[in-house]
Amino acid sequence: MHYSRMLIPTLKEDPAEAEVVSHKLMLRAGMIRKLAAGIYSYLPLAKRTFNKVEQIIREEMNRAGAQEVTLPSVQPSDIWQESGRWDIYGKELLRFKDRNDRDFCLGPTHEEVITDLVRREIKSYRQLPLILYQIQTKFRDEIRPRFGLMRGREFTMKDAYSFDIDEGGAEESYNQMFQAYNQIFERCGLEFRAVEADSGAIGGSFSHEFMVMADSGESAIVSCYSCNYAANLEKAEAKHSNPNFQEKESALAKEFQKVHTPDRKTVEDVTCFLKVSPKDLVKTLIYETDKGAVAVLVRGDHEVNEIKVKNLLDCSYLNLAQDERIMEITRAPIGFAGPVGLKTRIVADNAVSEMSNFITGGNEKDTHLINVNLRDFRVDTFADLRVVTKDDLCPRCNGKLRFSRGIEVGHVFKLGTKYSETLGATFLDANGREQSIVMGCYGIGVGRTVAAAIEQNHDENGIIFPIPIAPFLVSILPININQKEVKDASEDIYLSLSERGYDVLFDDREESPGIKFKDADLIGIPIRLTISSRTLKNGMVELKLRKTGEVIMVKKEDVVAEVGRHLNGE
RNA sequence: CGGGACAUGGCUCAGCCCGGUAGAGCACUGCGUUCGGGACGCAGGGGUCGGGGGUUCAAAUCCCCCUGUCCCGACCA
């Protein structure tokens, strides 16, 4: 392509509206333009990169036996009513009426549509398993769209759905998709990790998020230095080191006593005042849930993991209780709650079971208890209820844990029969019995993958595209296109590279060299060939690698071979 | 939904406090000179100052309402 003919409106300055680096760079590189909050136009450069990512996705999905379809983005309310999500989904679901006053929505996801399709067409176990996928625009009316393509309202997503006759089959489909996802992100040239994710009410380990590692990522990840364990921070298990601790220590237990702790409400206040470590204290947090009030106990230096509490209690609503409620339950103002004498249900983190002679709130204003022991109160359940810390070891292999951040670009999880049951997607098994199809669903955010690639691969000069998803592989940059020998040589090289099938951007603009250099760096093309009379008189052209900055002088005749060598990663 | 900020030419921003009829840099057009890291000269074009209302002889500037955008939080997968 000739640069002069392409729409690549680069920006010299950072746009005021962008905060994160991928957003800034995509705007500056002329890849995207905003139409409304969270809604973007994709310009030619972005479209090229999207196409490359989508092509990789298609190849890997097809290889895994999935078949591509396109489902409607405008969906009637009927199927959403049927699945029960019309009422549950809330304002994120953009609803509207057609001319006949019938309710419709813009599809934020396609479980309903695909399940409807499959229930009509699949009748027999002989037709299963089946995996269908599409690459399509989704719309979610996010409360707060932000960070450019990272969290838009309209976005491109690959979503796949698997249909199997039983759990075993579903597991197999899941594994196939899991493998395909590894291939996809590998091929995109990204540093990523599949992490175990919270699968909520569905349970089991059948949910993984694919995270592109980046410090700017929205999700916290815990991974093991020694083995391949990796999990979402909210899912990561805290290893319970010594379950038999209590019996050994109980002999040394002292009698608890009240101490006066005026206005010492926080862990920090109390530990400073009593000159002890947070590890000697038990925090008592009162939560309000749809199943009544609950006291959650964790060690003073630990944080409650609300997701774990939610899963343990199997409740849908969980929130810290308001001041008045705490007063009601503990008979003390906030900051002095403790388990001793508490009437509500008490659940405690495993670490608490290893403590003795600890400090708790006294359920009385300005009062704490010291030398409290487990025998002094009743715990209904001990469980893993806290957020993993840097002191924890890998729950699988006892290795050291690494804390990092990532951008969620893919999510695979087993749906089970949730939708097939509510929508009646059934088949007849070999014995002629009617069964619900077992489903799985698998998403990849295409735009988010591109944004994540940029978050992970950039420098102060701009984007550094991984070769597999670069909009162009080579840019040809003539220093002064008005000099005949420069122009001829540039065109020559352009033609021979193009003939080889490489995507080449020929910067034929009559701009000063500085502008061309800056633009080439900004849009992140992996290889740059600089053509100037200076080197040409020795029969050479300059090849520069965007990623390393390495400059190599190459004989004009060898350019094609040399470019090929670098693109093949040699 | 709660809190905060912003809205002036295509972009980045000044002007607003203290009212007097709109500016800079970049970008753009033409001509000429230049050509290895965002060149130079000359000559140009382009703005309902987000929208509506009010105060005033006079509003980008002061007051009220609305809309949009961004940030933090809550929310969500």
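Numbered from 1 within each chain, the chains take letters A, B, ... in sequence-line order.
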Colleague: Give the rounded distance in Å between these two atoms: CZ of A:R448 and P of B:A77.
Modeller: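 One finds 14 Å between P of B:A77 and CZ of A:R448, rounded.
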Colleague: Calculate the interatomic distance between A:L415 atom CG and B:A77 atom P; express it in whole Å.
Modeller: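 Spelled out: CG on A:L415 to P on B:A77 is 14 Å.
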Colleague: For B:C57 and B:C42, measure between their C1' atoms and round to the nearest Å.
Modeller: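 So the two C1' atoms sit 43 Å from each other.
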Colleague: How close do A:D164 and A:S173 get, counting heavy atoms only, and between which atoms?
Modeller: OD2-OG, 2.6 Å
Colleague: Any strand counts, and the cut-off is 3.5 Å on both contacts for Watson-Crick or G-U wobble. Which nucleotide pairs with B:A39?
Modeller: B:U33
Colleague: Determine the interatomic distance between P on B:G44 and the same-named atom on B:A24; round to the nearest Å.
Modeller: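 After rounding to an integer number of Å, I get 14 Å for this pair.
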Colleague: Can you give one letter per nucleotide of nucleotides 36-41 of chain B, 5' to 3': B if a protein heavy atom sits under 4.0 Å from the base, S if only from the sugar-phosphate, - if neither?
Modeller: BBBS--
Colleague: Looking only at side chains, do A:T70 and A:Q134 share a donor and an acceptor under 3.5 Å apart?
Modeller: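 Side chains of A:T70 and A:Q134: no pair found under 3.5 Å.
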Colleague: Check every atom of B:U69, B:A77, B:C75 against the side chain of A:N319 and return the nucleotide holding the closest atom.
Modeller: B:C75
Colleague: Quantified in whole Å, what is the C1' atom distance between nucleotide B:G38 and nucleotide B:C76?
Modeller: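 Rounded to whole Å, the distance is 43 Å.
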Colleague: If we call it a pair only when both distances are under 3.5 Å in a Watson-Crick or G-U wobble match, what pairs with B:U48?
Modeller: none
Colleague: The side chain of A:K34 is closest to which nucleotide in this list: B:C28, B:U69, B:U12?
Modeller: B:U69
Colleague: In terms of the nearest nucleotide of RNA chain B, which residue is placed more toward the 5' end: A:H411 or A:E510?
Modeller: A:E510
Colleague: When the P atoms of B:G53 and B:U12 are compared, how many Å lie between them, rounded to an integer?
Modeller: 29 Å
Colleague: Is A:E234 touching bases, backbone alone, or none of the nucleic acid, heavy atoms closer than 4.0 Å?
Modeller: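 The residue A:E234 makes base contact.
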Colleague: Does B:C1 have a Watson-Crick or wobble mate here (both distances under 3.5 Å), and if so which one?
Modeller: B:G73
Colleague: When both hydrogen-bonding distances must be under 3.5 Å and the geometry is Watson-Crick or G-U wobble, what is B:A24 paired with, if anything?
Modeller: B:U12
Colleague: Roughly how many Å is it from CD in A:E306 to C1' in B:A77, rounded to a whole number?
Modeller: 17 Å
Colleague: When you compare B:U56 with B:C16, how far apart are their P atoms, in angstrom units rounded to a whole number?
Modeller: 24 Å
Colleague: Taking atom types as modelled, is there a side-chain donor on A:D492 or A:Y494 under 3.5 Å from an acceptor on the other?
Modeller: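 A:Y494 and A:D492 do not have a side-chain donor-acceptor pair below 3.5 Å.
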Colleague: Contact class for A:E13 vs. all strands (heavy atom < 4.0 Å): base, sugar-phosphate, or nothing?
Modeller: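 The residue A:E13 makes base contact.
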Colleague: Starting at CG of A:L7 and ending at P of B:C28, how long is that distance when rounded to a whole Å?
Modeller: 14 Å
Colleague: For A:H302 and A:T389, run side-chain hydrogen bond (donor to acceptor under 3.5 Å, both in side chains): C-alpha distance rounded to whole Å, both residues' side-chain angles, the deciding distance at 0.1 Å, then the answer.
Modeller: CA-CA 8 Å; A:H302 286 156; A:T389 69; 4.8 Å; no
Colleague: Give me the distance, rounded to whole Å, that separates B:A39 from B:G25 when you measure between the C1' atoms they each carry.
Modeller: 16 Å
Colleague: Are the side chains of A:E542 and A:L529 in touch, meaning some heavy atoms are under 4.5 Å apart?
Modeller: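 The answer is no; the side chains never approach within 4.5 Å.
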Colleague: Would you find a donor on one side and an acceptor on the other, under 3.5 Å apart, between the side chain of A:K308 and the backbone of A:R386?
Modeller: yes
Colleague: Mind checking if A:P9 touches a base, just sugar-phosphate, or nothing, with heavy atoms under 4.0 Å?
Modeller: nothing
Colleague: Between A:P145 and A:D14, just flag the one whose closest nucleotide in RNA chain B comes earlier from the 5' side.
Modeller: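 Whichever sits nearer the 5' end wins; that is A:D14.
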Colleague: What integer distance in Å separates A:E142:CD from B:C1:P?
Modeller: 16 Å
Colleague: Can you tell me how far C1' in B:U21 sits from the matching atom in B:U8, rounded to whole Å?
Modeller: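 Result for the C1' pair: 15 Å, nearest Å.
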Colleague: From CD of A:E92 over to P of B:C76, roughly how many Å is that when rounded to an integer?
Modeller: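 For the pair A:E92 CD and B:C76 P, the rounded distance is 10 Å.
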Colleague: For the residue pair A:H411 and A:F210, is the inter-centroid distance of their aromatic rings smaller than 6.0 Å?
Modeller: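 Distance test on ring centres: not under 6.0 Å, no.
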Colleague: With a distance cut-off below 6.0 Å to the six-membered ring centre and an angular limit of 45° from the axis, does A:R95 pair with A:W86 as a cation-pi contact?
Modeller: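 Output yes; distance and angle both within limits.
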Colleague: Nearest whole Å is fine: how far is B:C71 P from A:M150 CE?
Modeller: 12 Å
Colleague: Of all the heavy-atom pairs spanning A:E142 and A:G152, show the shortest one and how long it is.
Modeller: CG-O, 3.7 Å
Colleague: Measuring only the P atom in each nucleotide, how far is B:U61 from B:C49? A whole number of Å is fine.
Modeller: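 Nearest-Å result for B:U61 against B:C49 at atom P: 9 Å.
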Colleague: In whole angstrom, give the distance that lies between atom CG of A:L477 and atom P of B:C35.
Modeller: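 My rounded result for the distance is 16 Å.
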Colleague: Check every atom of B:C35, B:A74, B:C71 against the side chain of A:I143 and return the nucleotide holding the closest atom.
Modeller: B:A74
Colleague: Look through every strand shown and name the nucleotide pairing with B:A7 as Watson-Crick or G-U wobble, where both distances are under 3.5 Å.
Modeller: B:U67
Colleague: Under 3.5 Å for both donor-acceptor distances, Watson-Crick or wobble: does B:C62 have a partner, and if so which one?
Modeller: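 Pairing partner: B:G54.
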